[in-house]
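Since the structure comes first, as structure tokens, the remarks are kept for the end.
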Number of protein chains: 2
Amino acid sequence: MNTPAEKNHNPSPEHNHEKCVSKAIGTAEHLCVVRGVQLTPIRHQVLELIWENHKAVKAYELLDRIKPVMDAAKPATIYRALDFLIEQGLIHRIESLNAFVGCNCSGHQHEQLLLICKQCNEVEERPATEVMQALSLEFDQAGFVVHSKALEIHGICVKCIGLNDKQN
Amino acid sequence: MNTPAEKNHNPSPEHNHEKCVSKAIGTAEHLCVVRGVQLTPIRHQVLELIWENHKAVKAYELLDRIKPVMDAAKPATIYRALDFLIEQGLIHRIESLNAFVGCNCSGHQHEQLLLICKQCNEVEERPATEVMQALSLEFDQAGFVVHSKALEIHGICVKCIGLNDKQN
DNA sequence: AAAGCTAATTTTATATTATTACATTCATTG
DNA sequence: CAATGAATGTAATAATATAAAATTAGCTTT
């Protein structure tokens, strides 16, 4: 029998996460320079922790994980870093989990459809163009002026379905 | 100058709220009988409080509002009632606000698009059929099996836009 | 270098939201 | 009417998030 941790370790053979992270961090660094904002050590650290994987991560988990490196870290330390990263569009806040996840859509449409797997906790972002168009029509019909969207879907991702099937 | 409360009082001339509430409560009572579940006094009370208006309301606000009637009420009292009402599809939980709102779509597709006004705090539910269809396609493409959806849009509703325009 | 400015951080405290656990009571129904 | 499961009462605490004031670090202006 697998431990929960093992069960939730769900690598995709074709996914090179090292590359994925370095791209995300690189883009973040570049964007901050371009925008004249500071990706300070704390912010950089938090962003790296978030990018350790593609799973939704909680603020206090980040706090625990940053403490070995930054003993003085307090909730406010984390929340301020998260606020900054969200403002800069470098991470998403997942409202329905009170959690956070790295965003790899910087520069494009930032508000995407989030598919959140209950089993492995990984989050897939999808631009979902048709959905967004249908939403726009809906807003027009309602006369509603949008400021922000939370489009969060919970279920089981394709990788976990595959794993589950194999087990039977 | 208006007080915030006055500013946020935003009645629609064509909306008969008394009728609206009695319909919602009536439907709830009926559904609970049909389903063989108990709409106990506490649950009924909480449902009525939620239906006082169409605004998103917080759990601890409900707690404060129920105390005059039920002095013994504690957080668990409210959260248990809310859990029941959500299970029965009689209210929605608004994930991005940690708040709740009455649901008038019982019997139909329960998961609807929620348009949440930042100014008056009212929530409009919309079936948004085209959006839902586009979402289904997206899930199929992703191979994702959906358990639940949170589709929450924040912005300014058509009534508030009208009011704001008049003020200029 | 000193003074002044701003953004960022530290620190402490506290507010807000939600759950757990266990005792008790209530409502059926066998 | 006793047994059972559902609902409630109660206390404590966990989990999430923010506020506010003091301090620091890095600039820039003189």
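Naming convention: chains lettered A, B, ... in sequence-line order (proteins, then strands); numbering from 1 in each chain.
Each of dT10(D), dA17(D), dT17(C) was ranked by its minimum atom distance to the side chain of Tyr60(B); first place goes to dT17(C). Among the nucleotides dT17(C), dG9(D), dA11(D), the one closest to the side chain of Ile42(B) is dG9(D). In this structure, the nucleotide among dG9(D), dA18(C), dA19(D) sitting nearest to the side chain of Ala76(A) is dA19(D). Among dT9(C), dT18(D), dA18(C), the nucleotide with an atom closest to any side-chain atom of Arg93(B) is dA18(C). For Thr77(B), the listed nucleotide lying nearest its side chain is dG9(D); candidates were dG9(D), dA11(D), dT12(C). Comparing dT12(C), dT10(D), dA7(D) against the side chain of Thr40(B) picks out dA7(D) as the nearest. Considering only the side chain of Tyr79(A), dT18(D) comes nearest among dT18(D), dT19(C), dA8(C). The side chain of Arg43(B) sits closest to dA7(D) out of dA7(D), dT10(D), dT19(C).
Remark: P of dA17(D) and CG of Leu63(A) are 12 Å apart, rounded to the nearest angstrom. Going from atom CG of Leu97(A) over to atom P of dA15(D) covers 16 Å, rounded to whole Å. Atom CG of Leu39(A) is separated from atom C1' of dG26(D) by 17 Å (rounded to the nearest Å). Atom C1' of nucleotide dT24(D) and atom CE of Met70(A) are separated by 14 Å, given to the nearest angstrom. To the nearest angstrom, P of dG9(D) lies 11 Å from CG of Asp71(B). Per the geometry, NZ belonging to Lys58(B) stands 10 Å off P belonging to dT16(C), to the nearest Å.
The aromatic rings of Tyr79(B) and Tyr60(B) stand perpendicular to each other, their planes meeting at an angle above 60°, with 30° marking the opposite boundary.
Side-chain nitrogen and oxygen atoms of Asn98(B) include at least one within less than 4.0 Å of the OP1 or OP2 phosphate oxygen of dA18(C).
Looking at Glu152(A), its side chain does come within 3.5 Å of a backbone N or O of Glu95(A) through a donor-acceptor pair. Between the side chain of Arg43(B) and the backbone N or O of Gln38(B) there is at least one donor-acceptor pair closer than 3.5 Å.
With sequence neighbours excluded, the residues that form a ring pair (Phe, Tyr, Trp, His ring centres under 6.0 Å) with His17(A) are His15(A), His54(A).
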